[in-house]
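Written below as structure tokens is the structure these notes are about.
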Amino acid sequence: MAPSGVVSGKSLIVSFGEMLIDFVPTVSGVSLAEAPGFLKAPGGAPANVAIAVARLGGKASFVGKLGDDAFGRMLADILKQNGVSNDGILFDQGARTALAFLTLRADGEREFMFCWNPSAHMLLKPEELNLDIIRSAKVFHYGSISLIVEPCRSAHLKAMEVAKQSGALLSYDPNLRLPLWSSADEARKQILSIWDKADIVKVSDVELEFLTGSDKIDDETAMKLWRPNFTLLLVTLGEKGSRYYTKNFHGAVNAFNVNTVDTTGAGDSFVGALLCKIVDDPTILENESKLREVLKFANACGAITTTKKGAIPALPTEVDAIALINGA
């Protein structure tokens, strides 16, 4: 029997890491200090990806730890309501569910403030992992926030190892959040410490600059992050679309023009759309024309996600994405 809330008959995408409450200002273009109030929205990049997959008709499960509190129970319910299996969730009685305040200021800069020290997701132990779910994954997706502190770092490494041994494709989006790290050097070191384990890696233009130390967003810079075992390297460029790199070909796919309200979760939506398509047809990764079509779809999903506040409420259905593509 399929885990609770999950589509049966499709290959499973397991997302590992943090889920939290995002608080976004009730008005656009202000700093956190200037915000007159905040809208509560479920978030956390790995959870966003899982719900993005489910909303597009895929089969998704989330593995992580929440606080045994009102917000934690709410988040577990939101996963289930959105068609994601929450059987991989544990609840910690000693730590709260994480909170994050985030905004896109008028100058275009994103501002974050995180309320966790520690929060429940940081306390996940290797021996607590639901290995049956991880072994069932056709794709195992993760970020880097779970690498910041122990014991979650060891749980992350164990989960990756088990997924790889079970034949899963490993998908990595570092999702850089510098304020959470002790230093920029430590963030760069730890993010790159698992770099060569992945099959698919997606970085933003900002992460590309951070990880390479270059201020150029071009093919030569992107290839500094390429590893021989990679199947696909992606660089997302916001309103400029995305670039892709494989062993045999590379190129760029244009973005869609939309009325952007809040960019939170756009990259997660992009990743979810990509994984949803390749999990049942890995030949996409070897066929440039098919990959370009999938990335066009992923760009559309990312664009739609920017048209509403908060990540999860804004994640599109396949019908939404096709409508944008056909209307462009």
Hydrophobic cluster identity match, L178 and L208, side-chain contacts under 4.5 Å: yes
For K240, is the NZ atom crowded, meaning more than 12 foreign heavy atoms sit under 6.0 Å from it? no
Once ring pair (Phe, Tyr, Trp, His ring centres under 6.0 Å) is applied, what residue pairs with a partner in residues 146-174 remain, sequence neighbours excluded? F16-H156, Y142-H156, Y142-Y172, Y172-W195
Name all residues meeting the side-chain contact (heavy atoms from CB on, under 4.5 Å) criterion together with N229; count only those two or more places apart in sequence or in a different chain, and write none if there are none. D196, R227
How far apart are the C-alpha atoms of N287 and S289, what are their side-chain angles, what is the distance that settles it, and do they pass the side chain to side chain donor-acceptor pair (under 3.5 Å) test? CA-CA 6 Å; N287 182 314; S289 62; 2.8 Å; yes
Same cluster for L315 and M74 if Ile/Leu/Val/Met/Phe/Trp/Tyr side chains link at under 4.5 Å? yes
Sorted by first residue and then second, give each ring pair (Phe, Tyr, Trp, His ring centres under 6.0 Å) pair with at least one member in residues 18-43; sequence neighbours left out. F23-F101, F38-F101
Going by an N to O cut-off under 4.0 Å, is there a salt bridge joining R55 and D320? no
Under a 4.0 Å threshold between the charged nitrogen and the carboxylate oxygen, would D218 count as salt-bridged to R243? no
How is the hydrophobic cluster of V294 composed, in terms of its other members, when Ile, Leu, Val, Met, Phe, Trp and Tyr link through side-chain heavy atoms under 4.5 Å apart, directly or indirectly? I13, V49, V53, V139, L169, I200, L232, L234, Y244, F249, V253, F270, V271, L274, L275, I278, V279, I284, L285, L291, L295
The complete set of ring pair (Phe, Tyr, Trp, His ring centres under 6.0 Å) pairs with one or both residues in residues 271-307, sequence neighbours excluded, reads none
Does D262 have any side-chain contact (heavy atoms from CB on, under 4.5 Å) partners at least two apart in sequence or in another chain, and if so, which? V24, T264, K309
For K277, give me all partners under side chain to side chain donor-acceptor pair (under 3.5 Å), at least two apart in sequence or on another chain. E318
Qualifying ring pair (Phe, Tyr, Trp, His ring centres under 6.0 Å) pairs with a residue from residues 51-93, counting only residues at least two apart or across chains: none
Sequence-distant partners of T283, side chain to side chain donor-acceptor pair (under 3.5 Å), two or more places apart: D281, K290
Taking C-beta and beyond as the side chain, do D22 and L39 meet within less than 4.5 Å on heavy atoms? no
By side-chain contact (heavy atoms from CB on, under 4.5 Å), Q81 pairs with (sequence neighbours left out) D77, I78
Is there a side-chain contact (heavy atoms from CB on, under 4.5 Å) between R73 and D68 once you walk through the steps? CA-CA 7 Å; R73 297 290 171 181; D68 190 8; 2.8 Å; yes
Who clusters with I322? Use side-chain heavy atoms, under 4.5 angstrom, across I, L, V, M, F, W and Y, and order the result by chain and number. none
Across all chains, not counting sequence neighbours, the side-chain contact (heavy atoms from CB on, under 4.5 Å) partners of A163 are I134, F140, A168, L170
